[in-house]
Amino acid sequence: MKAITVEPKTPGSARLENIAEPDARDGSVLVEAIAVGVCGTDVEIVEGKYGWAPPGQSRLVLGHESLGRVIDPGASRSLKKGDLVVGIVRRPDPVPCPNCAVGEWDMCRNGQYTERGIKEIHGFMSERWRTEPEYAVKVDSSLGILGVLLEPMTVIAKALEQVVAVGQRSYWEANKVLVTGAGPIGLLAACAVSMRAKDVHVLDRVETGVKPELVRALGATYHSGRVMDLGFEPDVIVECTGVGSVLEDALHKIGAGGVICLTGVGGGGAAPGHAVADIAAKLVLNNNVLVGSVNANKRHWYKAAQALVQADRKWLSRLITRREAPENFPQALERRPDDIKVIIQFSEI
Ligand code: BGC
């Protein structure tokens with residue numbers, strides 16, 4: 001079968017190749033791939049900056065934002081042939097650490113977790129894949145291709161849960177929420193936040209195009225330019241860019257008692273213009289919390305599936321801006337100006 005594979009830490013090693021059918025040891029549920037979303041993490045893996053092949057192997061099947069159709073439900077008691085499913089990305093560490101032991105693998109404490117398509121387990125960019133029944137999430141069939149947005153939505157479901165957990169340490173009214181970055185994660189965050197909060201703002205670099213339109217369609221306010229120039233102090237900032245200067249501005253702009261949740265992974269950039277101790281003093285004097293959030297556990301997958309079903313379908317479908325065939329995977333990995341979510345489509349839905 002066809003699969004998109006990469007030799008992690010080796011830039012330019014990605015290729016479409018024929019590999020063996022999925023191993024029965026990967027799980028009893030056999031799935032036909034429909035589509036796989038491409039995200040910044042995939043680009044980083046292909047650029048040789050991130051990613052680990054399974055032990056004893058040199059190549060990794062890429063892809064962690066899956067959508068497929070059940071060919072054989074195997075040992076699953078709830079799935080049947082033809083159901084739409086998405087595969088959970090992370091597996092608990094084998095020790096296990098206390099968090100993995102209670103099913104919070106997203107909070108793994110020893111770093112020995114594995115992740116499909118990212119860390120030591122093959123991903124979903126192959127014509128067929130297998131999963132253990134407990135790691136297959138059934139998607140409402142009416143969502144169709146939009147089910148491919150479930151994995152990025154789980155990242156948001158967890159991040160928002162973190163924000164609420166921190167906010168509720170004291171009396172808390174979160175009126176103004178700012179999302180920085182209008183990529184897929186930022187827009188899905190804006191969509192999920194708009195379901196709960198009235199005054200939602202999204203900031204991105206672009207001034208025109210589909211991103212501002214999508215933000216306004218949610219009833220939220222779009223801003224381009226710098227966080228520092230906003231005329232208000234947000235109660236919550238969901239940071240989805242990973243850009244150092246945006247974070248620096250966010251640290252200064254967050255309101256008293258406010259929470260900044262980091263979801264974007266960046267690196268490098270200019271050294272901050274402010275000493276860490278000065279930033280710490282601001283956080284102390286204003287009771288601010290800076291919280292990082294990665295991945296998602298089953299509770300977040302459940303919440304994200306609910307959020308997707310409640311969201312406006314037409315709005316969600318505008319997030320998928322390009323569909324590429326597996327043969328065109330190099331183009332799928334390119335970032336074009338109007339791209340939001342690019343997917344690689346393996347079969348028709
Ligand atoms: C994925 C997460 C994963 C993280 C770190 C993200 O792109 O969506 O599931 O935990 O990368 O590897």
Side-chain angles (χ1 to χ4, degrees), residues 4 6 8-9 14 35-54 60-67 85-93 96-97 99-100 103-125 129 131 135-137 139 147-162 181 183-189 192 238-243 261-267 291-305 307-308 319 332-333 335 339-344:
I4 298 165
V6 62
K9 309 281 162 52
V36 185
V38 175
C39 90
T41 303
D42 300 309
V43 175
E44 288 212 330
I45 296 172
V46 169
E47 287 174 349
K49 297 178 185 155
Y50 195 63
W52 298 262
L60 171 76
V61 176
L62 199 61
H64 59 277
E65 298 185 2
S66 61
L67 174 68
V85 282
V86 175
I88 290 181
V89 177
R90 198 177 274 201
R91 299 289 178 278
D93 77 78
C97 76
N99 288 66
C100 285
E104 290 189 355
W105 51 70
D106 57 313
M107 301 293 289
C108 180
R109 302 270 287 278
N110 63 21
Q112 292 180 45
Y113 63 83
T114 52
E115 286 180 341
R116 295 201 63 161
I118 301 175
K119 187 171 182 277
E120 296 168 8
I121 337 180
H122 290 309
F124 303 105
M125 285 189 190
W129 45 266
T131 182
Y135 291 102
V137 179
V139 172
V148 78
L149 299 172
L150 181 56
E151 196 280 340
M153 193 56 130
T154 66
V155 169
I156 294 305
K158 169 171 176 189
L160 297 184
E161 202 180 88
Q162 296 289 307
I185 292 287
L187 287 168
L188 286 171
V238 185
E239 207 299 294
C240 305
T241 70
V243 174
C261 183
L262 307 180
T263 66
V265 181
V291 56
S293 179
V294 69
N295 197 256
N297 65 41
K298 263 198 185 161
R299 189 173 64 249
H300 310 121
W301 281 82
Y302 182 77
K303 287 183 173 182
L308 269 196
L319 297 183
L333 290 158
R335 295 184 199 194
D339 280 340
I340 298 177
K341 178 55 70 186
V342 178
I343 63 171
I344 300 181

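For ligands, and for the atoms within them, numbers begin at 1 and follow the listed sequence.
The protein heavy-atom contact nearest to atom 11 (O) of ligand 1 is T41 OG1, 3.5 Å. In terms of protein heavy atoms, atom 9 (O) of ligand 1 is closest to N295 ND2, 2.9 Å. Among protein heavy atoms, atom 12 (O) of ligand 1 sits closest to E115 OE1, 2.6 Å.
Atoms of ligand 1 lying under 4.0 Å from at least one heavy atom of I118, given by number and element, are 11 (O), 12 (O). Taking a cut-off of under 4.0 Å to the non-hydrogen atoms of V294, the atoms of ligand 1 that pass are 4 (C), 5 (C), 10 (O). Each of the atoms 1 (C), 2 (C), 8 (O), 9 (O) of ligand 1 lies under 4.0 Å from some heavy atom of E151. In the vicinity of Y50, heavy-atom distances shorter than 4.0 Å reach the ligand 1 atoms 5 (C), 12 (O). The H64 neighbourhood of ligand 1 comprises atoms 1 (C), 7 (O), 8 (O), with distances under 4.0 Å to a heavy atom of that residue.
Screening N99, N295, N297 for a side chain to side chain donor-acceptor pair (under 3.5 Å) involving E104 leaves a single residue, N99. Screening M153, K303, R299, M107 against K158 for a side-chain contact (heavy atoms from CB on, under 4.5 Å) leaves a single residue, M107.
Residue C39 touches ligand 1 through its side chain alone, judged by heavy-atom distances below 4.0 Å. In E65, neither the side chain nor the backbone holds a heavy atom less than 4.0 Å from any atom of ligand 1. Contacts between R90 and ligand 1, counted as non-hydrogen atom pairs separated by less than 4.0 Å, involve the side chain only.
Taking the centre of each ring, W105 and Y113 stay at or above the 6.0 Å mark.
Residues V148 and V36 are not in side-chain contact: their nearest non-hydrogen atoms beyond the backbone lie 4.5 Å or more apart. Side-chain contact between Y135 and R116 is absent, with no heavy-atom pair separated by less than 4.5 Å.
Taking a 6.0 Å sphere around CZ of R109, one finds it holds 12 or fewer heavy atoms contributed by other residues, nucleotides or ligands.
No hydrogens or angles considered: nothing links the side chains of E115 and H64 as a donor-acceptor pair under 3.5 Å.
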**OP:** Test C39 against K341 for side-chain contact (heavy atoms from CB on, under 4.5 Å), laying out the working first.
**Re:** CA-CA 8 Å; C39 90; K341 178 55 70 186; 3.8 Å; yes
